[in-house]
Number of protein chains: 2
Amino acid sequence: MLSNSVQDYLKALYEMGGESEMIGTGAVAARLAVTPASVTSMLQKLAASDAPLVHYKKHRGARLTDEGLGKALEILRHHRLVELFLHETLGFGWDEVHDQAEKLEHVISEELEDRIARQLGDPVVDPHGHPIPTKDGRMPVRHEKRLIDLPAATPARISRVADHDTEMLRYLGGLGLVLNARIEIVEKSPFDGPILVRIMDGDRVQALGRRVASQVHVMLDSATEMAAMPNHDNTNSDAGDSNA
Amino acid sequence: MLSNSVQDYLKALYEMGGESEMIGTGAVAARLAVTPASVTSMLQKLAASDAPLVHYKKHRGARLTDEGLGKALEILRHHRLVELFLHETLGFGWDEVHDQAEKLEHVISEELEDRIARQLGDPVVDPHGHPIPTKDGRMPVRHEKRLIDLPAATPARISRVADHDTEMLRYLGGLGLVLNARIEIVEKSPFDGPILVRIMDGDRVQALGRRVASQVHVMLDSATEMAAMPNHDNTNSDAGDSNA
DNA sequence: CTCTGTTTTTAGCCTTGCCTAAATCATAAA
DNA sequence: TTTATGATTTAGGCAAGGCTAAAAACAGAG
């Protein structure tokens, strides 16, 4: 059984570099909020066993082995299933599920994973639009682009939003920029200026900063995959907005 | 934040000795599957802080302080709410929920606890009939007796069954000895012999060993509290009986 | 009261995963 | 090519929570 720490390292490597990219010690350290020295020793350990979970080259960083990739996807499946479960079954807002899932993902048995998946109808995306890895360890591929890269006057739908920043999710949700919302870009200001987005539902236009816009992904409105995606209500159904 | 280990020690002390009984090092060690030496050092640590969680006397054992009692009840509330949630919402059998809850209880936030409780309608007992501590840290009192101590020919209902032994729960469930089942004792064989129990629903008579019978608690059929208890279906709804 | 066997405690050690401080490597600029 | 700068690794430690082996305390039998 992998420790919580090891699971967190594997997940970080996957989320930062996917299957093939080498990730530096410092980057991992920043994401996991530990020192680079700690990362070095953990990566060395993970690379040293007889069935290594990562490839590691001194001063060059690390990437997952096939073994490690499988484990990472398992954990990610847990995480995303739990997020969706909290959202659908217990009414948590899309801004609230990540932190709780971060803890639950480590203690979900196979049996519980299966029951949750079945209960949710074997879902393919979590409340932020992230694809849920399949039981047999494959990550569904989707054709989307960053909102920043969307040409002006091209209708699209929000297909995915970064899940880790609670504040940003709350902000986006408040603007109506929820999963599957139909939008189009009115104008991109030059010099890294804000992006003007028309939100079709309500026909409002909203200015978004570059930082936010790079965290949002869209699919062209014509893409067929959209048909399969239910329209989740991403607002927080009844919890107070106590801690901001 | 208390570590998982500390939480397990507090829970063990409560479950073994309640609020007042001193529990010996060896007993705790056996329950937690660690060595007595480990227990000694943990108890010393828990008693040493400025707000001690346990009273501890060398060679005499330990019992919870008020502080420790509060924490123990919080953990127990998590455990039992989770057990009920797994049973009611995800369809786990009463023999399957304990082990999973043992892990989940440590990672349930206040917010999640509240949502689960609300979803279940602020329940007062878990799937094994154990009372669920209230949010403000009180353990509901119930008037029950061990099946062993029930006089013959006195109608009663099963009000509680020990939750930790998967096999025994499966056995009892198979016999129809589920929560709230109406029963009466036909005869107690002498010399610590078996107990003959009539199961009203089906009117069968079943012989139970002393070991099992001491794990089952009952309430007299006249007791008023019973009215409030819903009749759960404790059978495993669809999982295979793979690992016995 | 003393002996003996059981229980508990002490002492010392190990692993995991983190840390700081110092040393080393890699790279971009001069 | 040399040098400076930032990133990475090494070395040495610490806290938690477990273990084994040996010492000490208790409790029951004589």
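Note on naming: letters A, B, ... go to the chains in the order of the sequence lines (proteins, then strands), and numbering restarts at 1 for each one.
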For [X], enumerate each residue passing the side-chain hydrogen bond (donor to acceptor under 3.5 Å, both in side chains) test, keeping only those at least two apart in sequence or located in another chain.
X	answer
A:Q7	A:H106
A:R146	A:D149
A:T134	A:D136
A:D114	A:K135

Requested in this report: Check each residue of residues 1-19 of chain B for a non-hydrogen atom within less than 4.0 Å of any atom in DNA chain C, then write out the ones that pass by number, or none.
Outcome: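 Within residues 1-19 of chain B, no residue comes under 4.0 Å of DNA chain C.
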Report task. Give the rounded distance in Å between these two atoms: NZ of B:K57 and P of D:dC26. Result ->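 One finds 13 Å between P of D:dC26 and NZ of B:K57, rounded.
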Query raised in the report: Considering residues at least two apart in sequence or located in another chain, which fulfil the salt bridge (charged side-chain N to carboxylate O under 4.0 Å, His left out) criterion with B:E105?
Result: B:K11
Under 3.5 Å donor-acceptor pairs involving side-chain atoms of residues 58-71 of chain B, not counting sequence neighbours:
from, atom 1, to, atom 2, distance (Å)
B:T65, OG1, B:P52, O, 2.8
B:T65, OG1, B:L53, O, 3.1
B:T65, OG1, B:E67, N, 3.4
B:T65, OG1, B:G68, N, 3.0

Mind listing the N/O atom pairs, protein and nucleotides 24-27 of chain C, below 3.5 Å?
none

Requested in this report: Would you indicate whether B:R138, at its atom CZ, is surrounded by more than 12 heavy atoms from other residues, nucleotides or ligands within a distance under 6.0 Å?
Outcome: no
**Report entry** Sequence neighbours excluded, every pair satisfying ring-ring contact (aromatic ring centres under 6.0 Å, His included) that has a member inside residues 29-51 of chain B
**Finding:** none
Requested in this report: Can you tell me which residue pairs pass the salt bridge (Lys or Arg N to Asp or Glu O under 4.0 Å) test with a partner in residues 14-35 of chain A, sequence neighbours excluded?
Outcome: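 Sorted result for residues 14-35 of chain A: A:E15-A:R31.
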Query raised in the report: Which ones in residues 28-55 of chain A lie close to DNA chain D, meaning a heavy atom under 4.0 Å from one of its atoms?
Result: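 Those residues whose heavy atoms fall under 4.0 Å from DNA chain D, taken from residues 28-55 of chain A in numerical order, are A:P36, A:A37, A:T40, A:Q44.
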Query raised in the report: According to a strict under-4.0 Å criterion, is A:Y56 in side-chain N/O contact with OP1 or OP2 of D:dT8?
Result: no
**Report entry** With A:H98 via ring pair (Phe, Tyr, Trp, His ring centres under 6.0 Å) - residues at least two apart
**Finding:**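 If we apply the ring pair (Phe, Tyr, Trp, His ring centres under 6.0 Å) test to A:H98, skipping adjacent residues, the hits are A:H79.
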